[in-house]
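Single-structure report; data block below.
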2 protein chains.
Amino acid sequence: MAGVPELMVLRLLKDREMYGYEIVQAIRGQTREVVQLSEGVVYPVLHGLEKDGALKSQRREVGGRSRVYYSLTARGLRRLFDLTDSWTELTGAIQAVLKGASHARTI
Amino acid sequence: MAGVPELMVLRLLKDREMYGYEIVQAIRGQTREVVQLSEGVVYPVLHGLEKDGALKSQRREVGGRSRVYYSLTARGLRRLFDLTDSWTELTGAIQAVLKGASHARTI
DNA sequence: GAATCATACCTAGGATAACAAGGTATCATA
DNA sequence: TATGATACCTTGTTATCCTAGGTATGATTC
């Protein structure tokens with residue numbers, strides 16, 4: 001039932017490379033504050049994904065700021081697809097229960 | 001991000017009273033095996049909800065089997081509404097990110 | 001020029017939900 | 001008679017997530 005932070009991070013990085021702090025703000029903004037993943041959640045996720053070869057990072061200096069930019073690897077893209085599928089299947093299944101038992105068996 | 005088992009249990013009990021083992025099977029069936037909550041998950045949830053006054057239980061003998069039937073209280077119904085709202089809001093927010101950044105700010 | 005806020009990185013530690021794995025007992029079936 | 005299905009339960013572990021803290025720079029405000 002877990003893995004949502006990882007899924008969101010991967011999805012954001014699919015469009016363009018981003019740095020950690022930026023990702024935290026983007027999630028806040030795009031969900032209208034509904035999802036507020038702290039840095040304490042996002043950074044470990046980024047480190048874990050990079051360790052697994054799903055991301056690659058590059059430190060860059062921008063306006064006197066040191067940023068670590070992350071981008072998706074092929075493996076990361078694959079992982080994004082897998083997680084998205086799982087998520088869709090899971091929420092669909094839960095939704096079926098929430099709507100009511102009538103849709104139970106089409107067999 | 002947690003509380004899905006609780007939500008599903010409450011939703012099933014909204015329609016009719018059920019016993020624990022039955023709930024485990026119902027979740028398996030209605031989600032077509034996608035969600036397979038074990039008894040080790042469902043029973044503690046039932047006990048917790050009853051302790052909080054969201055459920056009331058009644059032990060009954062049926063065909064030589066001892067079953068504990070649970071039904072929703074007013075408080076449990078309230079809790080179901082709240083959890084459903086949270087779940088809808090959360091999945092909607094995540095979906096917005098998964099679909100892409102274009103829907104970010106309508107302001 | 002001092003203090004505060006925003007930016008930008010990081011980690012250690014704790015809470016807790018979810019699960020696996022076990023245990024008991026009865027009834028039906030093979 | 002042995003296995004599987006029914007029906008209840010708890011203990012202990014794990015993984016995830018979050019809180020809370022720490023550092024440092026630049027911008028803004030007072």
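So that the names make sense, note that chain A is the first sequence line, chain B the second, and so on, each numbered from 1. Because the structure is a prediction, the values reported are computed rather than measured.
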Identify which nucleotide among [options] has an atom closest to any side-chain atom of [X], counting heavy atoms from C-beta outward.
X       : options                : answer
B:Ala2  : C:dA17, D:dC18, D:dA7  : C:dA17
B:His47 : C:dT7, D:dC9, C:dT11   : D:dC9
B:Val41 : C:dC9, D:dC8, C:dC19   : C:dC19
A:Ser38 : C:dC19, D:dT19, C:dA8  : D:dT19
B:Pro44 : D:dC18, D:dT10, C:dC10 : D:dT10
B:Glu39 : D:dC8, C:dA18, C:dC9   : D:dC8
A:Val68 : D:dT6, C:dC9, C:dC19   : C:dC9
A:Tyr43 : D:dA7, D:dT16, C:dC9   : C:dC9

Send over the distance from [X] [atom1] to [N] [atom2], rounded to a whole Å.
X       : N      : atom1 : atom2 : value
B:Glu6  : C:dA18 : CD    : C1'   : 13 Å
B:Leu46 : C:dA17 : CG    : P     : 15 Å
B:Tyr21 : C:dT26 : OH    : P     : 17 Å
A:Arg65 : D:dG26 : CZ    : P     : 7 Å
A:Gln36 : D:dC18 : CD    : P     : 11 Å
B:Glu61 : D:dT6  : CD    : C1'   : 13 Å
A:Arg28 : C:dA8  : CZ    : C1'   : 14 Å
B:Arg60 : D:dA7  : CZ    : C1'   : 15 Å

**Over 12 foreign heavy atoms within 6.0 Å of CZ, B:Arg75** = no
**Asked** Taking atom CZ of A:Arg78 as the centre, does the number of heavy atoms from other residues, nucleotides or ligands within less than 6.0 Å exceed 12?
**Response**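 Count not over threshold, so no.
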**Message:** Tell me whether B:Thr73 contacts the main-chain N or O of B:Ala54 through its side chain, where contact means a donor paired with an acceptor under 3.5 Å.
**Reply:** yes
**Message:** For the CG atom of B:Leu12 and the CD1 atom of B:Ile27, what is their distance to the nearest 0.5 Å?
**Reply:**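 Taking CG in B:Leu12 and CD1 in B:Ile27, the distance rounds to 5.5 Å.
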**Asked** A:Met18 pairs by side-chain contact (heavy atoms from CB on, under 4.5 Å) with which of A:Leu46, A:Leu13, A:Val68?
**Response**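 Filter result, single survivor: A:Leu13.
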**Prompt:** Considering heavy-atom distances to DNA chain D, does B:Gly40 or B:Gln25 have its closest nucleotide positioned more toward the 5' end?
**Reply:**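 Whichever sits nearer the 5' end wins; that is B:Gln25.
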**Message:** Looking at A:Tyr19, I'd like to know whether one of its side-chain N or O atoms comes within less than 4.0 Å of OP1 or OP2 on C:dC9.
**Reply:** no
